[in-house]
Amino acid sequence: MKVDLASLLRPHLLTLKPYTSARDEYSGSEGVFLDANENPFGSITQANYNRYPDPYQSALKSEIAQIKGCAPTQIFLGNGSDEAIDLLFRAFCNPGKDNVILLPPTYGMYGVSASINNVEIRNVALTPDFQLQPEKILAAADTQTKILFICSPNNPSGNAAKREDIQYLLENFSGIVVVDEAYIDFSSEPSLIHELDQYPNLLVMQTFSKAWGLASLRLGMAFASPELIAILNQIKPPYNISGLTQETVLAALPNKGKVEELIQKIKEERTFLKQELEKLPAVLKIHPSDANFLLVQVPDANRFYEGLIEEKVIVRNRSTVLHCEGCLRITVGTQDETLALLQAFKKIATY
Ligand SMILES: *Cc1c(COP(=O)(O)O)cnc(C)c1O
């Protein structure tokens with residue numbers, strides 16, 4: 001749907017004067033830099049950590065743009081996806097007035113961020129097989145509804161949403177539609193990044209925390225129209241991505257081939273884990289997964305969860321979450337880790 005970003009934006013931001021850093025005013029790399037109150041010596045030799053990093057991460061964005069097939073101006077980089085989520089609330093949701101739509105069971109950070117920002121949450125449940133209910137979602141929206149969060153593949157269920165449902169919502173929801181694709185690399189579904197030009201109200205989130213194996217670096221990506229990306233850039237902290245993170249991810253990007261291999265390996269391990277769990281009578285159901293984890297139903301989730309911890313195997317107990325009665329969320333690990341899980345599981349099933 002064609003959305004008027006200026007009318008969705010919180011009004012006081014229309015006239016915001018963003019912070020301009022020393023590095024905004026002069027962007028050359030040669031010179032005597034006495035503009036940012038940095039220490040000229042530093043405390044780690046052979047690293048330029050004494051200097052502030054590029055606030056717009058230009059080198060990194062131009063490489064990511066190549067890999068993702070979009071323009072650098074369509075990319076926002078955040079200190080994890082969590083920063084992008086928070087900035088969306090701060091840009092578009094007037095506290096105590098506006099609302100957002102969440103689709104439980106889903107990723108917890110949308111709701112936490114909404115609460116921190118004092119923004120009303122309207123929950124529209126997924127179906128028991130974790131699919132969207134587009135008509136109910138549209139019926140829950142009013143003129144104060146600013147953002148709809150769709151997680152696909154969904155955490156904690158693992159499945160991808162039906163493409164036609166997402167498209168229907170992009171065409172009919174009159175706010176911003178966030179599609180969180182943190183797990184897209186493990187899915188057979190294509191990314192919606194390729195549809196950005198078609199849907200000005202679409203924002204796709206991805207992350208370096210999962211398929212790229214760089215969770216500790218904290219680097220999340222948001223892809224949207226250059227206008228929407230410009231809004232996030234205006235309100236972000238100036239140096240939100242450390243120089244260390246920028247350099248390290250830049251150095252990791254040429255390993256894309258290796259990452260593809262690892263994704264393949266994780267998908268094979270997911271199949272193995274599923275096959276082995278299916279053989280166990282204590283396993284009542286394994287939900288279909290497009291992600292790097294399985295949602296597994298057992299007769300007594302608390303007992304299995306505690307028993308696994310006794311065996312030093314840690315999984316996530318999701319049994320109190322809507323439609324997830326009796327369910328544990330199990331991340332796909334290495335083959336050794338899978339074997340350790342299975343052994344512990346069998347032990348618990350016998351007592
Ligand atoms: C893991 C995960 C992320 C990643 O968050 P980061 O802050 O980038 O590490 C985002 N969305 C969902 C649904 C996730 O499960």
Side-chain angles (χ1 to χ4, degrees), residues 57 60-61 64 68 75-90 100-114 116 121 123 126 130-132 147-161 166 176-187 189 191-193 202-224 232 236-237 240-242 244-246 248-249 252-253 259 262-263 266 270 287 289-295 314-318 321-324 327-333:
Q57 310 99 25
L60 192 47
K61 278 184 191 168
I64 293 174
K68 299 293 177 182
I75 306 174
F76 169 82
L77 297 179
N79 183 14
S81 308
D82 299 341
E83 184 175 35
I85 295 168
D86 180 62
L87 289 176
L88 285 165
F89 280 100
R90 289 164 47 177
V100 297
I101 296 181
L102 307 187
L103 313 176
T106 194
Y107 185 46
M109 271 315 287
Y110 317 135
V112 170
S113 219
I116 290 171
I121 297 166
N123 285 311
L126 296 174
F130 305 110
Q131 285 298 334
L132 309 180
I147 312 174
L148 164 64
F149 285 90
I150 300 172
C151 189
S152 179
N154 186 44
N155 179 3
S157 56
N159 65 304
I166 299 179
I176 291 161
V177 179
V178 172
V179 181
D180 187 344
E181 295 186 339
Y183 299 99
I184 193 72
D185 303 276
F186 304 104
S187 172
E189 288 288 317
S191 168
L192 279 159
I193 286 184
L202 169 63
L203 182 139
V204 176
M205 289 200 306
Q206 293 187 5
T207 179
F208 280 92
S209 298
K210 307 286 156 64
W212 280 87
L214 299 172
S216 170
L217 294 180
R218 309 306 302 129
L219 192 66
M221 298 170 273
F223 303 89
L232 298 180
K236 79 181 183 73
N240 61 328
I241 309 298
S242 79
L244 183 55
T245 294
Q246 293 188 43
T248 311
V249 175
L253 288 177
V259 169
L262 292 177
I263 291 167
I266 290 170
R270 178 178 74 193
H287 292 273
S289 175
D290 281 288
N292 65 338
F293 57 85
L294 295 176
L295 188 69
I314 328 306
V315 299
R316 198 90 201 267
N317 187 350
R318 298 281 77 185
V321 169
L322 180 71
H323 301 327
C324 298
C327 285
L328 304 174
R329 193 194 68 192
I330 305 174
T331 306
V332 178

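Whatever order the structure lists them in is the order used to number ligands and atoms, beginning at 1. For clarity, every value in this text was computed on a predicted model and none was experimentally measured.
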Closest protein heavy atom to [atom], given as residue, atom name and distance to 0.1 Å:
atom                    : result
atom 15 (O) of ligand 1 : Tyr183 OH, 2.6 Å
atom 1 (C) of ligand 1  : Lys210 NZ, 1.2 Å
atom 12 (C) of ligand 1 : Asp180 OD2, 3.5 Å
atom 9 (O) of ligand 1  : Ser209 OG, 2.6 Å
atom 5 (O) of ligand 1  : Ser81 OG, 3.6 Å

Hey, is the main chain of Ile184 close enough, under 3.5 Å, to the side chain of Gln206 for a donor-acceptor pair?
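Looks like no, no N/O pair under 3.5 Å.
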If you measure only the distance, is there a donor-acceptor pair under 3.5 Å linking the side chains of Thr245 and Ser242?
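Yes, side-chain donor-acceptor contact under 3.5 Å.
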Over all atoms of both residues, closest heavy-atom pair of Trp212 and Ala252
CZ3-O, 3.5 Å
Should you measure from each heavy atom of [X], which atoms of ligand 1 turn up under 4.0 Å away?
X      : answer
Ala182 : 2 (C), 3 (C), 10 (C), 11 (N), 12 (C), 14 (C)
Asp82  : 7 (O)
Cys151 : 13 (C)

Going by heavy atoms in the side chains, are Leu60 and Leu77 under 4.5 Å from each other?
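When only atoms from C-beta onward are counted, Leu77 and Leu60 do touch, with a gap below 4.5 Å.
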Taking only residues two or more places apart in sequence or in another chain, which ones pass side-chain contact (heavy atoms from CB on, under 4.5 Å) with Arg218?
Asn79, Asp82, Ser209
Arg218-ligand 1 polar pair, N/O distance under 3.5 Å
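Looking only at distances, the answer is yes, because the N/O contact criterion of under 3.5 Å is met.
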On the 0 to 90° scale, with breaks at 30° and 60°, tag the Tyr110-Tyr107 ring pair as parallel, tilted or perpendicular.
perpendicular
For the residue pair His323 and Phe130, does the interplanar ring angle fall in the parallel (under 30°), tilted (30 to 60°) or perpendicular (over 60°) class?
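His323 vs Phe130 ring planes: perpendicular.
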